[in-house]
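Only one structure is covered here, and it is reproduced in the block below.
Counting from 1, the numbers follow the sequence of the chain as shown.
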Amino acid sequence: MQKLDPRGRKVKILATVGPASRSPEMLARLFKAGVDAFRVNMSHGEHADHEQTIKSIRAMEKDFHRPIAILADLQGPKLRVGKFKDGQAVIRHSGHFTLDRNPEPGDETRVELPHPELFGLLGKGQRLLINDGKIRLKVIRADENEILCSAEVGGVISDRKGVNVPDAEIPIPAMTDKDRKDLAFAMSQGVDWIGLSFVQRPEDLAEARRLMGGKGSLCAKIEKPMAVHRLDEIIEMSDGIMVARGDLGVELEPQEVPPLQKRIVNKARTAGKPVIVATQMLESMIESPAPTRAEVSDVANAVYDGADAVMLSAETAAGDWPEEAVTIMHRIAKQVEGDEAYLARVRFLDTPPDRTTADALAHACMTVADTVSIEAITVFTGSGSTARRVARERPSVPMLVLTPSMTTARRLGLLWGAHAVATKDIGSFEEMIAKGKRMALRHGFGSAGSKLIALAGVPFGTPGSTNLLHVVTISGNELDKHEG
């Protein structure tokens, strides 16, 4: 078993697995560099590849004795072009380019658009934005078989790039047949989170929930302007939120995205749901070993806003510098969290506790940690809800979350400040205190003389019974002659 010290930061790093990172050796290097959770992107690759990736991550869990969250990100009803003869082509600026229903590989003049619902729907003058808006086409003429466009902005176009149609409402279902197959596969593999793409309304989450059958946690990706109008309902229906700035920034004006990002983060935090900031965070590191100053500021701002997790996409999936991207993101987060103004900025958002005993005690943990020199908050939980309550308060010290459920421990890989450990259940108050001290010593949260807060519910094993807060002091000899 390899020893891995606590991260020393509260925000989590979610990294996307792809050709550049799916080998067991690179996955281990990324994990050691700072990754807390891995994203498996169902838009790319085959189930066999994903199955091998998941097996490698689960094997790594055993090597490092650390639960690792896996998020399977469904493609969703994203519109995409087909494939090209050489994998890519160049669309000439101001030239003509045709999207058609011909499945033959494309070239610099045409490509398949495998979405029959678009033909006959689009009219002259409407826009098509490809590859996150890098290529901008304007419709000259459209019929049932072809959409002839003029390239306002040309450039390199490659296989399966995304298409946005900001000027028309596309009648597409919440989940495609591919999504249902991918979801069934992900559930069979025991992934911890499902990312649902292109959510537009709370009802979109219902089918995914039903197909998940009570397993896994559901993360709603906010990337359509329509979702913003019903944000509160979508947050209520989900277990977590992702600010997916790629498509959001294509369909909205770019300047609208930063204030919207802050609004989504604040609403998710207020609801006590993990929130991930994603897309283009260190984009230049796909090719460069160092980020731009603006990218560093972008990551830092997400940390200052109190996001639960920041995400790397192509930087780790297909980039030239995956390990370096994780390392710099880890360093940025540590630097920000070490800023003396950090806590005040994170707590600038008021998250008043609900009128429950559990919420009152979670709030008290924050107050005690601010008043007394506390090393960590040990949270005993079965479902993880107590840990989420504590995290919502953004306490000044880390949480050591002890749970008898490996499922719960893994899901908490996206929760701010949580270091989860799957351990045997406890049966008494004395056992709880003793185990909390041992686990704190074993996992690097304190030494002789350190104080801990213990938060739990009595009777033990009863969901929703959080009613006990206790401050204890580690003597330092708790691990002597004790194996468990």
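- No salt bridge links Asp132 with Lys161; every basic N to acidic carboxylate O contact stays at or beyond 4.0 Å.
- Heavy-atom minimum distance, Pro322 versus Ala20: CG-O, 4.0 Å.
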Counting only pairs under 3.5 Å, give me each side-chain donor-acceptor contact of residues 248-255, with atom names and distances, residues two or more places apart or in other chains.
{"unit_1": "Glu251", "atom_1": "OE2", "unit_2": "Asn164", "atom_2": "ND2", "d": "2.9"}
{"unit_1": "Glu251", "atom_1": "OE2", "unit_2": "Lys224", "atom_2": "NZ", "d": "3.2"}

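- Between atom CG of residue Leu196 and atom CE of residue Met212 there is a gap of 9.0 Å, rounded to the nearest 0.5 Å.
- Residue-environment remark: NZ (Lys178) exceeds the threshold of 12 foreign heavy atoms within 6.0 Å.
- Side-chain contact of Ser385 with Ser383: a donor-acceptor pair under 3.5 Å is present, judged by distance alone.
- Ala369 and Val397 get closest at one heavy-atom pair: CB-CG2, 4.0 Å.
- Contacts classified as side chain to side chain donor-acceptor pair (under 3.5 Å) and involving residues 271-290 (residues at least two apart or in different chains) are given here: Ser284-Glu295.
- At distances below 3.5 Å, at least one donor-acceptor pair connects side-chain atoms of Glu223 with backbone N or O atoms of Phe198.
- Between the side chains of Arg29 and Ser21, no donor-acceptor pair is found at a separation under 3.5 Å.
- The SG atom of Cys219 sits 6.0 Å away from the CG atom of Leu71 when rounded to the nearest 0.5 Å.
- The stretch residues 232-241 participates, sequence neighbours left out, in these side chain to side chain donor-acceptor pair (under 3.5 Å) pairs: Arg209-Asp239, Arg230-Glu233, Asp232-Lys267.
- Under 3.5 Å, the side chains of Thr356 and Asp354 contain no donor-acceptor pair of N or O atoms.
- For the 3.5 Å distance criterion, the side chains of Arg245 and Gln261 qualify, holding a donor opposite an acceptor.
- When atom types are taken as modelled, the side chain of Arg7 and the backbone of Val35 share a donor-acceptor pair closer than 3.5 angstrom.
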Could you list the donor-acceptor pairs under 3.5 angstrom formed between side-chain atoms of residues 12-19 and any protein atom two or more places apart in sequence or on another chain?
{"unit_1": "Lys12", "atom_1": "NZ", "unit_2": "Leu412", "atom_2": "O", "d": "3.3"}
{"unit_1": "Lys12", "atom_1": "NZ", "unit_2": "Leu415", "atom_2": "O", "d": "3.2"}
{"unit_1": "Lys12", "atom_1": "NZ", "unit_2": "Ala418", "atom_2": "O", "d": "2.7"}
{"unit_1": "Thr16", "atom_1": "OG1", "unit_2": "Arg39", "atom_2": "NH1", "d": "2.8"}
{"unit_1": "Thr16", "atom_1": "OG1", "unit_2": "Leu312", "atom_2": "O", "d": "2.7"}

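- Val379 approaches Val390 most closely through the heavy-atom pair CG2-CG2, 4.3 Å.
- Not a single side-chain hydrogen bond (donor to acceptor under 3.5 Å, both in side chains) links His229 to another residue, sequence neighbours left out.
- Here the closest non-hydrogen pair linking Met285 and Ala290 is CG-C, 3.8 Å.
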Before giving the answer on side-chain contact (heavy atoms from CB on, under 4.5 Å), spell out for Val401 and Val421 the whole-Å C-alpha distance, their side-chain angles and the decisive distance to 0.1 Å.
CA-CA 6 Å; Val401 185; Val421 176; over 6 Å; no
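- Considering all non-hydrogen atoms of both residues, Leu452 and Ala440 come closest at CD1-CB, 3.6 Å.
- The salt bridge (charged side-chain N to carboxylate O under 4.0 Å, His left out) contacts involving residues 400-415 comprise Glu61-Arg410, where partners must be two or more places apart or lie in separate chains.
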side-chain contact (heavy atoms from CB on, under 4.5 Å) assessment of Ile474 paired with Leu441:
CA-CA 8 Å; Ile474 297 175; Leu441 284 172; 3.8 Å; yes
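- Summarising the geometry of Thr381 relative to Pro404, their closest heavy-atom pair is O-CD, 3.5 Å, with the distance given to 0.1 Å.
- A 6.0 Å sphere centred on NZ of Lys451 holds no more than 12 heavy atoms belonging to other residues, nucleotides or ligands.
- Annotation: ring pair (Phe, Tyr, Trp, His ring centres under 6.0 Å) contacts involving residues 34-59, sequence neighbours excluded, comprise His47-Phe185.
- Side-chain polar atoms of Lys78 and Ser43 form no donor-acceptor pair below 3.5 angstrom.
- Listed by chain and number, the residues in a side-chain hydrogen bond (donor to acceptor under 3.5 Å, both in side chains) with Asp308 are Arg394 (sequence neighbours excluded).
- Listed by first and then second residue, the side chain to side chain donor-acceptor pair (under 3.5 Å) pairs that reach into residues 359-372 are Arg347-Asp370, Asp359-Arg389, Asp359-Arg392, His363-Glu393, Asp370-Ser396, sequence neighbours excluded.
- Applying the side-chain hydrogen bond (donor to acceptor under 3.5 Å, both in side chains) criterion to Arg9, with sequence neighbours excluded, gives Asp36, His330.
- Annotation: side-chain hydrogen bond (donor to acceptor under 3.5 Å, both in side chains) contacts of Asn266 (sequence neighbours excluded): none.
- No salt bridge links Glu323 with Lys32; every basic N to acidic carboxylate O contact stays at or beyond 4.0 Å.
- Thr378 places a side-chain N or O within donor-acceptor distance of the main-chain N or O of Ile453, the cut-off being under 3.5 Å.
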Does the pair Leu468 and Met432 meet the rule for a side-chain contact (heavy atoms from CB on, under 4.5 Å), with working shown?
CA-CA 11 Å; Leu468 185 150; Met432 175 191 81; 3.7 Å; yes
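- Here Phe380 pairs with nothing under the ring-ring contact (aromatic ring centres under 6.0 Å, His included) rule; sequence neighbours left out.
- Annotation: Glu256, atom CD; neighbour count of heavy atoms from other residues, nucleotides and ligands within 6.0 Å is above 12.
- By the neighbour-count criterion of 12 heavy atoms within 6.0 Å, atom NZ of Lys134 is densely surrounded, having more than that number from other residues, nucleotides or ligands.
- Side-chain atoms of Asp49 never come within 3.5 Å of backbone atoms of Gly45 as a donor-acceptor pair (strictly under, hydrogens ignored).
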